[in-house]
2 protein chains.
Amino acid sequence: MVSEPVKTIERTRIYDVAAAAGVSVATASRALNDTGRMTEQTRERVKQVAAQLGFRPNTMARGLLGKRSFTIGLLTNDTYGRFTLPLMAGVSEALVDRGVSVFLCTIEDDAALAKVHVDALLDKQVDGIIASGRRVDRRLPVDLSNLPVPVVYAFTEGPDDSVTFISDDEQGSREAVQWLVSRGRRRIVHITGPESFASVQVRAQAYRTVVGEQAEIHHGEWSEAWGHEAVARLWSGADTPPDGIFCGNDQIARGVVDALRERGVTVPDDVSVVGFDNWEIVAAATRPPLTSVDMNLRELGREAGLTILALAEGKEVAPGIRRLPCQLVLRQSG
Amino acid sequence: MVSEPVKTIERTRIYDVAAAAGVSVATASRALNDTGRMTEQTRERVKQVAAQLGFRPNTMARGLLGKRSFTIGLLTNDTYGRFTLPLMAGVSEALVDRGVSVFLCTIEDDAALAKVHVDALLDKQVDGIIASGRRVDRRLPVDLSNLPVPVVYAFTEGPDDSVTFISDDEQGSREAVQWLVSRGRRRIVHITGPESFASVQVRAQAYRTVVGEQAEIHHGEWSEAWGHEAVARLWSGADTPPDGIFCGNDQIARGVVDALRERGVTVPDDVSVVGFDNWEIVAAATRPPLTSVDMNLRELGREAGLTILALAEGKEVAPGIRRLPCQLVLRQSG
DNA sequence: TTGAAAGCGCTAACAT
DNA sequence: ATGTTAGCGCTTTCAA
């Protein structure tokens with residue numbers, strides 16, 4: 001497309017609306033914003049004219065008055081987008097009807113880049129910032145605590161007095177293990193990621209709570225390969241192999257299921273397997289498809305979006321950590 | 001975080017800078033924007049003072065002058081983000097140093113939602129819009145051809161006179177098949193997705209060009225399951241099974257590799273397999289890891305970003321389809 | 001109930 | 001080379 005030197009499409013301004021409706025701009029503004037007092041008739045007429053002319057207020061002008069810009073920033077260091085995208089979808093979904101658009105800023109553990117992005121956001125007078133990440137127990141490489149705009153944290157660690165949204169991994173894990181128990185599984189082991197992850201600790205603890213004494217936790221990498229290896233170990237030892245496996249994430253679970261099939265162990269008849277994350281691409285492609293814990297990130301995003309909006313509008317929001325429930329998605333592996 | 005009723009953090013305005021530097025706002029503005037004529041000394045002094053005071057120009061005010069808003073919109077219907085995220089990363093990377101932030105708008109094949117997003121973008125006076133999608137041969141459910149801002153298309157079909165960026169699937173496929181040939185593979189088949197996809201056509205045609213007469217193309221779904229099924233068919237028929245397989249995407253390739261391993265066919269010793277997309281999560285987890293064609297979406301995003309910027313600055317850009325080269329990423333399957 | 005006018009922070013045309 | 005000033009489109013006092 002050759003650039004259009006003559007942008008003939010002149011936007012209708014509030015002046016045009018006022019003129020067409022036979023009122024002053026002040027009245028027009030009040031009518032359109034449902035403020036001030038005036039005859040319902042005038043208000044209606046102005047609104048009608050505005051609609052007819054396809055009037056859309058200029059956000060820049062509005063923003064210049066020190067009011068809201070109807071934009072927010074979503075900061076994330078989750079390059080892969082595995083967690084960010086569902087979150088973003090939720091945020092966007094919650095805000096788009098209210099005319100708020102979302103700047104997505106991917107900072108890859110790079111403090112300098114993060115600062116550049118945050119500064120750019122502040123220059124644009126965003127109404128708020130949602131900080132997000134790929135690890136619940138890590139902070140973004142940038143300090144957001146003294147910004148002139150509200151900040152909420154989603155799926156990443158924030159300061160003590162911040163509003164933080166995370167999924168309730170404890171509840172999700174508990175339900176997953178309880179599900180295995182309810183299916184008659186008696187020897188349930190937990191194959192999960194590195195101990196250093198907070199989410200590993202929480203999920204393991206929930207598992208322990210349900211199975212009690214017999215708890216048996218195997219730590220490794222977050223990979224399919226580790227799932228294979230763990231199965232090899234469990235089935236080559238002297239102990240009776242488990243009949244139920246709760247995995248720390250879907251990749252491990254897929255490795256486990258594949259390894260079991262290769263050994264001639266039938267899932268879920270001989271062994272039930274449950275994953276975590278409900279990462280469609282992994283869970284659905286596994287044979288049989290994985291039963292998995294979904295963190296409801298979209299819903300989490302919705303909540304975060306609504307909260308940042310409330311803060312932007314000056315409402316009070318109590319600080320603290322909000323844990324949103326996970327949901328066990330049943331497929332065929334467990 | 002309790003909302004801060006007193007936003008005490010007053011931003012320094014250009015007036016403050018001007019006063020502190022002992023010049024007028026006009027001079028300050030010119031100095032900071034490297035326009036107008038003045039002693040290098042004055043310019044330097046103003047810049048220094050501005051830096052000292054941490055001055056950041058208010059984008060709203062700037063945008064109100066009918067100039068640029070330093071924002072662009074990225075529209076996509078790729079909910080999963082498989083294609084959009086690398087693209088977005090490239091766009092962002094190209095623009096962030098120039099102070100441009102990106103609104104990400106996910107419209108899910110919903111025309112009404114698309115319109116809401118586009119209107120919101122126009123209200124915010126975006127400098128341009130990049131339209132993107134999950135299918136190269138489908139248009140977004142919204143007409144962007146008469147917008148008051150420039151539009152470029154990336155990884156989605158645009159009008160004839162538009163600037164469109166897509167990956168050179170023909171070249172990528174050709175290199176993939178030629179690689180198989182160079183590895184001494186003599187009977188190479190192509191297992192790919194539904195015929196209705198333009199990318200399937202292009203990749204198949206490239207494959208045909210290289211292997212000539214012996215071309216053998218199997219269409220199915222874009223799934224691992226189809227990879228399994230295709231292998232079952234090829235190895236159960238009367239014909240000699242292939243020694244090289246070029247797959248339409250990584251999921252099919254993974255299915256193929258898994259199926260071969262289950263049959264005791266060794267990859268890559270007996271059969272070489274090459275995928276398409278280089279989707280890390282799939283390609284790296286396959287045993288052995290997949291050699292695959294990468295569409296360089298990040299680079300594509302960079303180009304699209306730079307182009308929309310050029311258009312926003314009023315530069316002329318010739319319309320047409322730009323095909324950016326793919327790259328064969330060697331792992332171990334081929 | 002409605003209107004006139006000031007002003008948000010910046011840039012650019014027009015002085016000097 | 002630098003300063004004065006008029007707006008950009010809107011909201012919001014203040015006045016009528």
> Is the closest side-chain heavy-atom distance between Arg30(B) and Met38(B) below 4.5 Å?
Replying inline: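 Arg30(B) vs Met38(B): side chains touch.
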
Measure from the side chain of [X], starting at C-beta and using heavy atoms only, and say which of [options] lies closest.
| X | options | answer |
| --- | --- | --- |
| Val23(B) | dT11(C), dG3(D), dC10(D) | dG3(D) |
| Arg30(B) | dC10(D), dG9(C), dG3(D) | dG3(D) |
| Arg13(B) | dT1(C), dT4(D), dC10(C) | dC10(C) |
| Leu64(B) | dG9(C), dT11(C), dC10(D) | dG9(C) |
| Asn58(A) | dC10(D), dA12(C), dC10(C) | dC10(D) |
| Met38(B) | dT13(D), dA13(C), dT2(D) | dT2(D) |

> Looking for any heavy atom pair under 4.0 Å, which part of the strands does Thr42(B) touch: base, sugar-phosphate only, or nothing?
Replying inline: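 Thr42(B): backbone/sugar contact only, no base atoms under 4.0 Å.
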
>> Please classify the nucleic acid contact of Leu65(A) as base, sugar-phosphate, or nothing, using heavy-atom distances under 4.0 Å.
In response: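 Leu65(A): base contact, heavy atoms under 4.0 Å.
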
> Taking atom types as they are modelled, is there a donor-acceptor pair under 3.5 Å from the base of dG9(D) to the side chain of Arg56(A)?
Replying inline: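 Answer no: no donor N or O sits under 3.5 Å from an acceptor.
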
> Starting at the 5' end of DNA chain C, which residue's closest nucleotide do you reach first, Arg43(A) or Thr59(B)?
Replying inline: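 Taking each residue's closest nucleotide, the earlier one in sequence belongs to Arg43(A).
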
Which whole-number value in Å describes the distance from [X] [atom1] to [N] [atom2]?
| X | N | atom1 | atom2 | answer |
| --- | --- | --- | --- | --- |
| Arg37(B) | dA12(C) | CZ | P | 15 Å |
| Ile14(B) | dG3(D) | CD1 | C1' | 14 Å |
| Asp123(A) | dC10(C) | CG | C1' | 13 Å |
| Asn33(A) | dT11(D) | CG | P | 5 Å |
| Met60(B) | dC10(C) | CE | P | 13 Å |
| Arg45(B) | dT2(D) | CZ | P | 8 Å |
| Tyr15(A) | dC10(D) | OH | P | 8 Å |
| Phe55(A) | dG9(D) | CZ | C1' | 8 Å |

Hey, is [X] close enough to [Y] for a salt bridge, meaning N to O under 4.0 Å?
| X | Y | answer |
| --- | --- | --- |
| Lys47(B) | Asp34(B) | yes |
| Arg62(A) | Asp123(B) | no |
| Arg68(B) | Glu313(B) | yes |

Hey, does the side chain of [X] come within less than 4.0 Å of [N]'s phosphate (OP1/OP2), counting only N and O?
| X | N | result |
| --- | --- | --- |
| Arg62(A) | dC10(D) | no |
| Ser29(B) | dC10(C) | no |
| Ser24(A) | dG3(C) | yes |

> Which class fits the ring pair Phe83(A) and Phe155(A): parallel under 30°, tilted 30 to 60°, perpendicular over 60°?
Replying inline: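 Judged by the thresholds at 30° and 60°, the geometry between Phe83(A) and Phe155(A) is tilted.
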
> Bend angle of the helix from dT1(C)-dA16(D) to dT16(C)-dA1(D) from five-pair axes at both ends, rounded to 10°?
Replying inline: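 Terminal axis comparison yields 50°.
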
> Judged by atom type as modelled, is there a donor-acceptor pair below 3.5 Å linking the side chain of Asn33(A) to the main-chain atoms of Thr35(A)?
Replying inline: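 Answer holds: no.
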
> Taking all non-hydrogen atoms of both residues, which atom of Val317(B) and which atom of Arg322(B) are closest, and how far apart?
Replying inline: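 Minimum heavy-atom contact is CG1-NH2, 3.4 Å.
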
>> My understanding is that only one of Asp78(B), Thr79(B), Asn77(B) makes a side-chain hydrogen bond (donor to acceptor under 3.5 Å, both in side chains) with Thr84(B); could you say which?
In response: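 The single option meeting the side-chain hydrogen bond (donor to acceptor under 3.5 Å, both in side chains) with Thr84(B) is Asp78(B).
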
